[in-house]
Colleague: 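My questions will all concern the structure given below.
Positions are given from 1, in the same order as the sequence printed here. The basis for the numbers below is simple: all heavy atoms, side chains too, and nothing from hydrogens, waters or symmetry mates.
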Amino acid sequence: EGKLVTESLRDYTRINLGKAYTSLDAFLQAWNSANRKAVLIDELERQGVLLGALAEEAALTGLKDIDPFDLLLHVGYDMPPLTRRERALRVKKRNVFTQYGEVARKVLDALLDKYADEGIETIESNEVLRVQPLSGLGTPVELVRAFGGRPQYLQALRTLEDALYAPN
């Protein structure tokens, strides 16, 4: 916005996050209720939360492959961060997707791997079913059919996200 920032990036983020969400509970509620995390991330960036710069700074201190969610929790609320891979492994260990058929479970497993490698924005993308390793499982139409249709696929994706961001 053209304003000179004279405080550290972490302090600046903490202040802007505090303006957007009055408490940790308010942030968690907004995050969990967002249909697409990418939209919430974009909104935070418009409000002055500079996630890209914050992620670069965190990487210099040894925090790599951190989800924006964990980065915000760490900086804004002093919570210990998990890597994307740690979050994905927690979901796999909980065996959340037993109600789905074999192909659907393979899709969800591949989505978890994609999340661990690339982040939440990637698995929310409409194009994710067109790229490897998912494209090797079938066409996007076939993969969505494995869930029973698009609404069921979107619900499964929502369940996957809920499992990713669930407290221990």
Side-chain angles (χ1 to χ4, degrees), residues 16-17 19-52 54-55 65-77 79 81-168:
N16 283 326
L17 199 56
K19 287 178 187 175
Y21 305 102
T22 56
S23 68
L24 172 60
D25 285 339
F27 171 73
L28 293 174
Q29 190 171 34
W31 185 270
N32 290 327
S33 65
N35 285 333
R36 292 181 56 111
K37 306 307 186 226
V39 172
L40 182 66
I41 290 167
D42 289 345
E43 180 59 32
L44 283 169
E45 288 183 344
R46 280 193 294 281
Q47 294 175 11
V49 177
L50 309 171
L51 280 166
L54 196 60
D65 300 324
I66 302 294
D67 188 275
F69 175 76
D70 284 291
L71 192 56
L72 292 169
L73 284 180
H74 180 64
V75 170
Y77 303 102
M79 304 287 288
L82 295 173
T83 64
R84 291 187 310 263
R85 186 151 313 282
E86 289 169 331
R87 283 200 173 278
L89 286 173
R90 283 182 10 182
V91 173
K92 287 180 180 186
K93 285 179 185 175
R94 279 191 244 132
N95 217 6
V96 176
F97 306 113
T98 56
Q99 76 268 28
Y100 296 104
E102 182 182 347
V103 173
R105 281 196 309 272
K106 285 181 181 178
V107 169
L108 292 167
D109 196 49
L111 286 171
L112 279 171
D113 291 340
K114 228 19 168 168
Y115 164 80
D117 293 338
E118 299 175 29
I120 194 69
E121 292 96 343
T122 300
I123 68 169
E124 287 183 337
S125 164
N126 290 329
E127 300 302 311
V128 72
L129 297 177
R130 298 182 194 283
V131 297
Q132 285 293 343
L134 292 146
S135 62
L137 298 173
T139 67
V141 171
E142 292 169 340
L143 298 180
V144 168
R145 257 193 224 130
F147 291 90
R150 183 151 177 80
Q152 293 87 345
Y153 166 73
L154 293 175
Q155 181 56 47
L157 185 58
R158 178 69 186 186
T159 301
L160 180 136
E161 288 182 3
D162 290 346
L164 280 170
Y165 298 113
N168 295 338

Colleague: Enter the distance from Gln99:CD to Arg105:CZ here, rounded to the nearest 0.5 Å.
Modeller: 9.5 Å
Colleague: So for atom CD, which belongs to Glu86, do other residues, nucleotides or ligands contribute more than 12 heavy atoms lying within a distance under 6.0 Å?
Modeller: yes
Colleague: So do Val49 and Ile41 actually touch side chain to side chain, heavy atoms under 4.5 Å?
Modeller: no
Colleague: Classify the ring geometry of Phe69 against Trp31: parallel below 30°, tilted from 30° to 60°, perpendicular beyond 60°.
Modeller: tilted
Colleague: Would you compute the distance between atom CG of Leu111 and atom CD1 of Ile120 and round it to the nearest 0.5 angstrom?
Modeller: 9.5 Å
Colleague: Would you mind reporting whether Leu73 and Tyr165 have side-chain heavy atoms less than 4.5 Å apart?
Modeller: no
Colleague: Taking NZ, NE, NH1 and NH2 as the nitrogens, is one of them in Arg158 or Asp162 under 4.0 Å from a carboxylate oxygen of the other?
Modeller: yes
Colleague: Measure the shortest side-chain to side-chain distance between Leu154 and Asn35 over non-hydrogen atoms and say whether it is less than 4.5 angstrom.
Modeller: no
Colleague: Which pair of non-hydrogen atoms, one from Ile123 and one from Val128, has the smallest distance, and what is that distance?
Modeller: O-CG1, 3.8 Å
Colleague: How close do Leu82 and Ile66 get, counting heavy atoms only, and between which atoms?
Modeller: O-CD1, 3.6 Å
Colleague: I'd like to check Leu17 versus Val75 (side-chain heavy atoms, cut-off strictly below 4.5 Å). Are they in contact?
Modeller: no
Colleague: Tell me whether Glu43 is salt-bridged to Arg46, with the criterion being a basic N under 4.0 Å from an acidic carboxylate O.
Modeller: yes
Colleague: How close do Pro81 and His74 get, heavy atom to heavy atom, and via which atoms?
Modeller: CD-ND1, 3.4 Å
Colleague: Roughly how far, to the nearest 0.5 Å, is CG of Leu108 from CG of Asp113?
Modeller: 11.0 Å
Colleague: Of all the heavy-atom pairs spanning Tyr115 and Arg87, show the shortest one and how long it is.
Modeller: OH-CD, 3.4 Å
Colleague: Check this for me: Glu102, atom CD, are more than 12 non-hydrogen atoms of other residues, nucleotides or ligands nearer than 6.0 Å?
Modeller: no
Colleague: Is it the case that atom CZ in Arg130 sees more than 12 heavy atoms from other parts of the structure closer than 6.0 Å?
Modeller: no
Colleague: Is there a side-chain contact between Val144 and Arg150 in this structure, where contact means two heavy atoms from C-beta onward sitting under 4.5 Å apart?
Modeller: yes
Colleague: A side-chain contact here means heavy atoms from C-beta on lying under 4.5 Å apart; do Leu44 and Leu72 qualify?
Modeller: yes
Colleague: Taking C-beta and beyond as the side chain, do Phe147 and Val107 meet within less than 4.5 Å on heavy atoms?
Modeller: yes
Colleague: Give, for atom CG of Leu160 and atom CD of Glu124, the distance between the pair rounded to the nearest 0.5 Å.
Modeller: 10.0 Å
Colleague: Hey, could you give me the CZ/CD distance between Phe27 and Gln29, rounded to the nearest 0.5 Å?
Modeller: 12.0 Å
Colleague: Atom CG of Asp117 and atom OG1 of Thr122: how far apart are they, to the nearest 0.5 Å?
Modeller: 9.0 Å
Colleague: Minimum heavy-atom separation for Asn32 to Lys37, with atom names?
Modeller: O-NZ, 4.0 Å
Colleague: Got a donor-acceptor contact below 3.5 angstrom from the Lys106 side chain to the Leu134 backbone?
Modeller: no
Colleague: Would you check if Leu112 and Phe97 make a side-chain contact, meaning some heavy-atom pair closer than 4.5 Å?
Modeller: yes
Colleague: Less than 4.0 angstrom from a charged side-chain N to a carboxylate O is my criterion; do Asp65 and Arg84 meet it?
Modeller: yes
Colleague: Check Ala116 against Arg85 and note the closest heavy-atom contact, atom names and distance.
Modeller: CB-NH1, 3.6 Å
